[in-house]
Amino acid sequence: MNYDELMRLALGRGFFVPSCEIYSDVPAGFWEYGPLGTIFRNRFINLWRKEIVRRDQMIEIDGSQIMAKEVFEASGHLKNFVDPIVSCSKCRLTVRADKLISDNINEIIPERLTDEEYDNYLRKNKISCPKCHSEFGKVSKFNMMFRVGVGAIDESAYLRPETCQSIFVDFPRLFKIMRGKLPFPVAQLGKSFRNEISPRQSLMRLREFYQAEIEVFYNLLRINEFEKFEEISNYVLRFLIDTRINEISCEEALKKNIIPNKLVGYYLAIIQQFYEKAGIDLNKLRFRKLTSKEKAFYARSAFDLEIETSLGWIELVACNDRGNYDLKRHMEVSKRDMTVIDGDDKVLPNIFELSMGVDRSLYCIMEHSFIKENDRNILKLNRYLSPVQVGIFPLLKKESLQVRAKEVQNILKGEFQIFYDESGSIGRRYRRQDEVGTPLGITIDYDTLNDNEVTLRNRDDMDQKRVKITELLQIIRGYFLDEDNFR
RNA sequence: GCGGUCGUCGUCCAGUCUGGUUAGGACAUCAGCCCUCCAAGCUGAUAACACGGGUUCAAAUCCCGUCGACCGCACCA
């Protein structure tokens, strides 16, 4: 399935839609989840909670989206998330002023200059537009963070550009009240905001987006004392090495130094296992080790989990070893002690993070799940993720059948997401549900009125079997609890 | 942010060049008829010129601007 087809499905069936779409002057980069998309996203988050958060006995928090200026002074965002930009007065070419200057004058320029200082550099060195050789206009700053004015005096604060800062600033209290021990993982699902210059491709680059993040606080001295590694030591990870994807067990990857330590290996494994369960085609998944140029300046090591789609390889999870940069900076700026006791050591914890882009993940899962069989469009979501779980259809629009169908609906609606549909032919109604991934359909016919049995239809193979209404609840419960058949 | 292409019912398309009747079709949707199970058929209905300004007796159509989409560049610690 390509991007256009997926967008048609998303817009036409209400998975996700552009924000404020009735107005024509609204900025790009904001999307909303419709009825099916909201349930789909919630189920995805629940799977994340089940397969990662609860599996690893993590705690989860929910932090503020607006955070104080000091937080971003400490994190480096105020300094590093700001690009000085300058435009050519004639051809409008827009470039980063600092790059332009250092490319032109073979001299390292100080990092944090005022706009006027950049202007001076440009004038002194007579730097002109590389394209049309005209003069540049004035330098201005573009910050990727959204500033907000708080209270009557309009005090500067920012919408967080990454959710993890909430976890970092909460760490001392969390560690105490949860009687924490290292390694100490903390999870959070929430929104982040980045003022992207050019948002593109719907959910792929948003200005307001969901992140599901795990921050693991650990003691660098004991990074290989990690018993849980045994759980996944034989699990095979997929690494991009040079230009080929290599399947390598965690154990072997550790020996060959592809992964730096057991802790990183464990978390890479559980995130890959999670995506496997979420319905991503493993043949289209890889970990890419970032080069020192690509890595964030604070990162000790970094892997991107990438998924192949019709738009190319897409980064879904940033797996960064952030070192102790974050806590060190927050300690410096806030003057609060962030160290903790670990055994006999008093340490400032290091942090390994799994930073997942939720919206992108949903897009990728949908793209990998959608198939066409003859004329039939099927969204083969795994049964945990399907927004609608059971479709209920009276075979014909006859009162006796409708009444019976409503009775069946009443039995199931407390426990399952039901969609009742009596309009159109039965085949058409099956197809409508296939397209949005509903795994089960129940049809009430004239025989039902006598024998109290209904037809239970399976989305994937279109198999039909007769089931007693009294056993329906039990059977459907079993179906959705089936751990081994997550497809 | 730059350059190119482009914005018409929910979707796909016609109409725009060459301004002029009630903006047309298909699919989808809704209602009715028919029908015991995989997009059948028949009848009817709903529904659109991205937004703002200009030219004109008259604008979906011509001009300007804004916003958006796609592609490329740049950006994406």
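Here is the naming used below: chain letters follow the sequence lines, and residue numbers restart at 1 for every chain.
Take the nearest nucleotide of RNA chain B for A:L311 and for A:Q165: the residue whose nucleotide is more 5' is A:L311. Positionally, the nearest nucleotide of RNA chain B for A:D447 lies more toward the 5' end than for the other of A:D447 and A:H77.
Relative orientation of the A:F15 and A:F40 rings is perpendicular, given thresholds of 30° and 60° on the angle between their planes.
In this structure, B:A60 forms no base pair with any nucleotide, since neither Watson-Crick nor G-U wobble geometry is met with both distances under 3.5 Å. With a cut-off of 3.5 Å on both Watson-Crick or G-U wobble distances, the partner of B:G65 is given as B:C51. If you check B:G24 for Watson-Crick or wobble pairing at under 3.5 angstrom, you find it paired to B:C13. In a base pair of the Watson-Crick type (N1 to N3 plus N6-O4 or O6-N4) or a G-U wobble (N1-O2 and O6-N3), with each distance short of 3.5 Å, B:A77 is matched with no nucleotide. B:G44 and B:C30 make up a base pair, with Watson-Crick or G-U wobble contacts both under 3.5 Å. B:G19 is unpaired under the Watson-Crick or G-U wobble criterion, no partner having all donor-acceptor distances under 3.5 Å. Under the Watson-Crick or G-U wobble criterion, with both distances below 3.5 Å, B:C70 is paired with B:G4.
Among the heavy atoms of the strands, none lies under 4.0 Å from A:R429. Note on A:P18: nothing from the nucleic acid sits closer than 4.0 angstrom, heavy atoms only. A:L396 comes within 4.0 angstrom of a nucleotide base, judged by non-hydrogen atoms across all strands. Across all strands, A:R466 comes closer than 4.0 Å to base atoms (heavy-atom distances). Looking at heavy-atom distances under 4.0 Å, A:F72 makes no contact with the nucleic acid at all. Within 4.0 Å of A:R431, counting heavy atoms only, lies at least one base atom of the nucleic acid. Using a 4.0 Å heavy-atom criterion, one finds that A:D4 contacts no nucleic acid atom at all. In this structure, A:Q464 reaches the bases: a heavy-atom distance under 4.0 Å links it to at least one base atom across the strands shown.
Side-chain proximity of A:M144 to B:C76, B:C38, B:G32: nearest is B:C76. Residue A:L395 has its side chain nearest to B:C37 when only B:C30, B:C38, B:C37 are considered. In the set B:C38, B:C37, B:C51, B:C37 carries the atom at the smallest distance from any side-chain atom of A:D445.
Rounding to whole angstrom units, CZ of residue A:R428 and C1' of B:C30 are separated by 12 Å. In this entry the distance linking CZ of A:F30 with P of B:G68 reads 10 Å, nearest Å. Atom-to-atom, NZ of A:K398 to P of B:G32 comes out at 10 Å; the value is rounded to the nearest Å. Regarding A:D25, its CG atom lies at a distance of 9 Å from the C1' atom of B:A50, rounded to whole Å. A:E21 places its CD atom 9 Å from the P atom of B:G10, with the value rounded to the nearest Å. Whole-Å rounding puts the A:F393 CZ to B:A39 C1' distance at 13 Å. The nearest whole Å value for the distance from the CZ atom in A:R376 to the P atom in B:A39 is 10 Å. Atom CG in A:L456 sits about 18 Å away from atom P in B:C37, given to the nearest Å.
Only the C1' atoms considered, B:U46 is 7 Å distant from B:C30, to the nearest whole Å. Straight-line distance between the C1' atoms of B:A59 and B:C17: roughly 15 Å, to the nearest whole Å. Separation of the C1' atoms belonging to B:G25 and B:A14 is 7 Å when rounded to the nearest angstrom. Between B:U22 and B:C49, the distance separating the two C1' atoms is 15 Å to the nearest Å. Nucleotides B:U43 and B:C6 have their P atoms positioned 39 Å apart, rounded to a whole Å. For the P atom pair drawn from B:A28 and B:U56, the interatomic distance equals 47 Å after rounding to whole Å. Rounded to whole Å, the separation between the P atoms of B:A47 and B:G3 comes to 40 Å. Distance noted for atom P between B:G44 and B:U8: 29 Å (whole Å).
Salt bridge absent: A:R207 and A:E196 never bring a charged side-chain N and a carboxylate O closer than 4.0 Å. One finds a salt bridge joining A:D434 and A:R457 here, because a Lys/Arg side-chain nitrogen approaches an Asp/Glu carboxylate oxygen to under 4.0 Å. Remark: A:D321 does not engage A:K295 in a salt bridge, criterion side-chain N to carboxylate O under 4.0 Å. Between A:E5 and A:R8 there is no salt bridge, since no side-chain nitrogen of the basic residue lies less than 4.0 Å from a carboxylate oxygen of the acidic one.
Taking 3.5 Å as the limit, the base of B:A74 and the side chain of A:S198 contain a donor-acceptor pair of atoms between them. Between the side chain of A:T455 and the base of B:C37, a donor-acceptor pair under 3.5 Å is found. A donor and an acceptor atom never sit less than 3.5 Å apart when one is taken from the side chain of A:R8 and the other from the base of B:C12. Judged by distance alone with a 3.5 Å cut-off, no donor-acceptor contact links the side chain of A:R200 to the base of B:G68. Under 3.5 Å, the side chain of A:E196 and the base of B:C76 form no donor-acceptor pair of N or O atoms. For A:E162 against B:A77, a side-chain-to-base donor-acceptor contact under 3.5 Å is present. Contact of A:Y23 with B:C51 (side chain to base): no donor-acceptor pair of N or O atoms is detected under 3.5 Å.
Considering only side-chain N and O atoms, A:R432 lies under 4.0 angstrom from the phosphate OP1 or OP2 of B:U29. For A:K397 and B:A31, the shortest distance from a side-chain N or O to OP1 or OP2 is below 4.0 Å. One finds a side-chain N or O of A:Q201 lying less than 4.0 angstrom from the OP1 or OP2 phosphate oxygen of B:C71. The side chain of A:Y446 contributes no N or O atom lying less than 4.0 Å from OP1 or OP2 of B:C37.
For A:K191, the NZ atom sits in a packed shell: over 12 heavy atoms of surrounding residues, nucleotides or ligands are nearer than 6.0 Å. Enclosure of atom NZ in A:K289 by more than 12 non-hydrogen atoms of other residues, nucleotides or ligands within 6.0 angstrom is indicated.
Geometrically, A:R41 engages A:Y33 in a cation-pi contact, judged by NZ or CZ lying under 6.0 Å from the ring centre and within 45° of the ring axis. A cation-pi geometry, defined here as NZ or CZ lying under 6.0 Å from the six-membered ring centre and within 45° of its normal, holds between A:R322 and A:Y298.
At least one side-chain heavy atom of A:Y430 sits under 4.5 Å from a side-chain heavy atom of A:F393.
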